[in-house]
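Inspection log for the structure reproduced underneath, given as structure tokens.
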Amino acid sequence: MSGTPEGPTGRAGTTHGAGPSEITQCDHRTVGVSELHDYRSAFAAAALPMAVVDHRGQVVRTNGALDGLLGTDPSHLAGQPAADLVGLSSDGPTWRAYTEVLRGARPRLRCTRRLKHADGRPMWAEVTVVPMGGPDTGPGRVLLSVSDVSDRRELRERLRHLRMHDPVTRLPNRTLFFERLATALENPPVTDGSSSRQGRIGLCYLDIDGFKAVNDTLGHRTGDRLLAAVAGRLTDCAEADGHRTGGHLVARLGGDEFAILVEDSSGTQQLTDLARSVLTALQQPFEVAGHRLSVSASIGVVERASAGTSATALMQAADTTLYWAKADGRSRWTLFDPERNAHRMTRQALSSTLRPAVERGEFTLEYQPLVGMADEVVRGVEALVRWNHPRFGLLAPSRFVPIAEEDGTIVQLGRWVLRTACLQARRWQLEHPGEPALFISVNVAVRQLWDSDLVADVAQILAETGLEPGLLQLELTESAVMGSSGRPLRVLQALSDMGVRIAIDDFGTGYSNLAYLSRLPVSVLKLDGSFVRGFRYEEGAHPSPADETIVEAMVQLAHRLGLTVTAECVETSGQAERLRRIGCDTGQGWLYSRAVAPERIAELIGTRPPEG
């Protein structure tokens with residue numbers, strides 16, 4: 001026989017020779033060894049620093065590029081934790097991601113780390129860790145590579161710096177400021193163990209008073225140089241104060257607005273001291289482009305705990321406080337006042353709802369008697385408007401009339417007050433036909449003289465209500481009447497010609513141009529209550545002889561001009577007696593009655609009001 005037959009399982013041939021499958025396996029092994037040799041050669045010669053790491057995170061081998069980067073003998077790297085070589089264990093999230101790659105639970109890790117080159121220079125490196133096997137091989141070896149991205153990082157940082165800094169002053173701009181502010185609020189510093197020093201933040205928010213005039217007169221180039229010089233002084237002030245707490249951020253927020261952020265405030269005193277130093281520094285003249293310029297600043301100062309506040313709330317408070325500083329006279333700092341801010345917020349709430357409130361009929365009138373001094377009989381009443389606010393309750397005129405004058409609502413509100421008061425006066429007249437009719441006195445704002453046809457309104461309302469013009473008295477403040485010319489004077493004259501009485505309210509508080517007074521169509525002077533208060537003798541009060549002399553002179557002058565005189569704020573019988581002897585015609589005040597509902601006035605018609 002010439003050969004040995006194969007067994008039933010095909011294994012007989014394995015003793016005497018290699019079958020086709022065996023030859024293939026041998027070829028595969030041969031190719032695998034060759035490829036592995038090529039891979040290792042490429043790995044060793046690669047310019048990219050690399051290391052093979054086992055599933056435990058230990059270095060198996062490194063290539064020459066990584067050895068050169070780290071300046072370490074390859075034999076010393078084998079078996080070392082790879083994470084320690086490139087800083088992968090320096091923060092929790094990176095370490096967790098790295099261990100997930102080692103376990104095969106994550107396909108890749110890429111992060112940036114700051115390393116030190118073997119020659120001592122720092123470098124930014126992008127570290128990449130990827131599995132060497134397929135996803136179905138389970139935990140195994142990974143390939144770690146390190147790429148020098150210092151140039152790219154530097155370019156990115158340069159571009160970020162340009163994006164985050166103001167080109168004129170070189171200060172951080174609005175974007176960087178709010179980024180730092182948000183970070184400071186999210187991660188407040190803790191300087192010691194005391195709760196009083198944990199998480200407080202301060203802000204000086206300022207703008208340059210009169211900076212627009214510099215731009216307009218000397219040009220924007222000079223203005224830019226002035227801003228740069230201001231930035232320098234602000235930085236000096238911040239650095240001088242920041243020695244205690246590690247420095248402050250000075251930023252230009254836009255235009256002539258700057259901010260100094262104190263991220264670790266020690267309290268209000270630190271912020272106010274810083275604001276004072278800024279004002280002092282800016283008050284020194286600037287030498288700019290051949291010009292000697294003097295400027296000042298208004299500064300809003302806010303200091304509070306970081307907890308419970310937000311960047312928006314802090315900036316709103318700072319902006320409000322800066323507005324206060326400017327409104328208070330400029331060239332000053334103002335500290336945020338929660339009570340004042342609450343009043344401002346209330347004012348804003350009133351302003352936004354004032355006009356709809358007139359349309360909804362939320363206002364009402366009360367009336368205060370005007371009493372004859374000789375017989376103490378009620379001669380007339382002054383109509384005083386009140387606002388039944390659904391949130392703030394019953395509001396006096398001082399709370400909303402100034403707002404109405406600012407936004408123009410006073411025209412609509414004043415027309416309603418005039419019509420309602422005239423209707424009520426006419427109703428009293430009809431209900432008490434046997435008694436002398438009461439005159440009605442209504443306050444008129446200056447804006448009503450300018451922004452409405454007051455003459456036409458009064459004529460129409462008198463015609464609608466049937467009230468005689470002589471029973472209507474319109475009160476204007478002294479500052480509004482004195483010096484009137486043009487349209488206001490024509491309006492007053494037309495009303496007087498119609499038969500309406502014109503009264504000057506709070507007389508004696510303004511400049512009192514008495515010569516001009518004789519040429520105005522005025523019927524009544526109402527003496528300001530500050531003079532009348534000087535007449536008090538009761539309860540240990542010391543009367544003012546000067547006030548008595550002034551009042552006596554004004555009463556005599558008014559009578560010689562054919563005017564009647566009403567004394568306001570009459571509170572005691574002693575005041576009333578003295579005013580009566582001086583010759584005042586009528587009095588108004590709490591001695592006779594407070595402002596009351598129309599039903600109470602009806603009870604007083606033709607009678608003497610009870611004292612108090």
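Everything numeric in this text was worked out from a predicted model, so none of it was measured.
No side-chain donor-acceptor contact under 3.5 Å links R578 and Q575. Between the side chains of T309 and R304, at least one donor-acceptor pair of N or O atoms lies under 3.5 Å. Side-chain contact check for S452 and R415: no donor-acceptor pair (N or O, by modelled atom type) lies under 3.5 Å. Looking only at atom types and distance, the side chain of T477 has no donor-acceptor partner in the side chain of D506 under 3.5 Å away.
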(Q) I'd like to know whether R580 forms a salt bridge (charged side-chain N to carboxylate O under 4.0 Å, His left out) with E376, so could you lay out the CA-CA distance, the side-chain angles of the two residues, the decisive distance to 0.1 Å, and finally the verdict. (A) CA-CA 10 Å; R580 187 181 301 111; E376 295 188 343; 3.2 Å; yes

Q) Passes salt bridge (charged side-chain N to carboxylate O under 4.0 Å, His left out), K326 versus D209? Steps please. A) CA-CA 8 Å; K326 299 184 81 67; D209 299 327; 3.1 Å; yes

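Put simply, the side chain of T420 does not reach to within 4.5 Å of the side chain of F363, judged on heavy atoms. Within the 4.5 Å cutoff, no side-chain heavy atoms of I605 are placed close to those of P436. Residues I440 and Q424 fail the side-chain proximity criterion, which asks for heavy atoms closer than 4.5 Å. Between L271 and L203, the closest side-chain pair of non-hydrogen atoms is not below 4.5 Å. In this structure, the side chains of L438 and I601 come closer than 4.5 Å at one or more pairs of heavy atoms. Contact annotation: the side chain of L476 approaches that of L449 to within less than 4.5 Å [non-hydrogen atoms, C-beta and beyond]. V532 is not listed as a side-chain neighbour of E568, based on a closest heavy-atom distance of 4.5 Å or more. Looking at Q429 and L467, their side chains come closer than 4.5 Å, going by heavy atoms from C-beta outward.
Taking all atoms of both residues into account, the shortest heavy-atom contact from A275 to V301 is CB-CG2, 3.8 Å. Pairing each heavy atom of A445 with each of I410, the nearest pair is CB-CG1, 3.7 Å. The minimum heavy-atom distance between P433 and L430, with the atom names listed, is CD-O, 3.5 Å. Across every non-hydrogen atom of C204 and I299, the tightest pair is CB-CG2, 4.0 Å. V444 approaches Q448 most closely through the heavy-atom pair CA-OE1, 3.5 Å. Between I201 and S265, the closest heavy-atom pair is C-CB, 3.9 Å.
Looking at D585, its side chain does come within 3.5 Å of a backbone N or O of V565 through a donor-acceptor pair. A donor-acceptor pair under 3.5 Å is formed between the side chain of Q368 and the backbone N or O of S593. Without hydrogens or angle criteria, R276 side chain to L274 main chain gives no donor-acceptor distance under 3.5 Å. Side-chain N or O atoms of R233 include one that pairs as donor or acceptor with a backbone N or O of Q284 at under 3.5 Å. At least one donor-acceptor pair under 3.5 Å links the side chain of T321 to the backbone N or O of A317. Side-chain atoms of R447 come within 3.5 Å of backbone atoms of E406 as a donor-acceptor pair (strictly under, hydrogens ignored).
Taking E552 as the reference, nothing meets the salt bridge (charged side-chain N to carboxylate O under 4.0 Å, His left out) condition, with sequence neighbours excluded. Under the salt bridge (charged side-chain N to carboxylate O under 4.0 Å, His left out) criterion, R427 pairs with no residue at all, not counting sequence neighbours. Taking the ring-ring contact (aromatic ring centres under 6.0 Å, His included) definition, one finds that F392 meets it with H389, sequence neighbours left out. Qualifying ring-ring contact (aromatic ring centres under 6.0 Å, His included) partners for W333, counting only residues two or more places apart in sequence or in other chains: none. For Y367, the ring-ring contact (aromatic ring centres under 6.0 Å, His included) partners two or more places apart in sequence, or in a different chain, are W428.
Around the CZ atom of R581, the shell of radius 6.0 Å holds more than 12 heavy atoms that belong to other residues, nucleotides or ligands. Annotation for H559: atom NE2 counts as buried by contact number, over 12 foreign heavy atoms lying within 6.0 Å.
Across E382, E475, Q588, K526, a single residue satisfies side chain to side chain donor-acceptor pair (under 3.5 Å) together with S441, and that is E475. Looking at V302, L253, T320 one by one, the single match for side-chain contact (heavy atoms from CB on, under 4.5 Å) with M315 turns out to be L253.
Salt bridge E366/R386: present, at least one basic N to carboxylate O contact under 4.0 Å. Between D457 and R419, no side-chain nitrogen of the basic residue sits less than 4.0 Å from a carboxylate oxygen of the acidic one, so the salt-bridge criterion is not met.
Here the CG atom belonging to D451 is positioned 13.0 Å from the CD atom belonging to Q412, to the nearest 0.5 angstrom. Note that CG of L234 and CG of L282 are 5.5 Å apart. Values are rounded to the nearest 0.5 Å. Between L561 atom CG and S523 atom OG the span is 12.0 Å, to the nearest 0.5 Å. Rounding to the nearest 0.5 Å gives a distance of 10.5 Å between CG of L525 and CG of D505. Note that OG of S294 and CD of Q283 are 9.5 Å apart. Values are rounded to the nearest 0.5 Å. The distance from atom CG of L365 to atom CH2 of W416, rounded to the nearest 0.5 Å, is 4.0 Å.
A salt bridge (Lys or Arg N to Asp or Glu O under 4.0 Å) check over residues 352-365, counting only residues at least two apart or in different chains, returns the pairs R360-E362.
Judged by a 6.0 Å distance limit and a 45° cone about the ring axis, R594 is positioned over the six-membered ring of W590. Taking the centre and axis of the six-membered ring of W324, the NZ or CZ atom of R340 falls inside the cone set by 45° and 6.0 Å.
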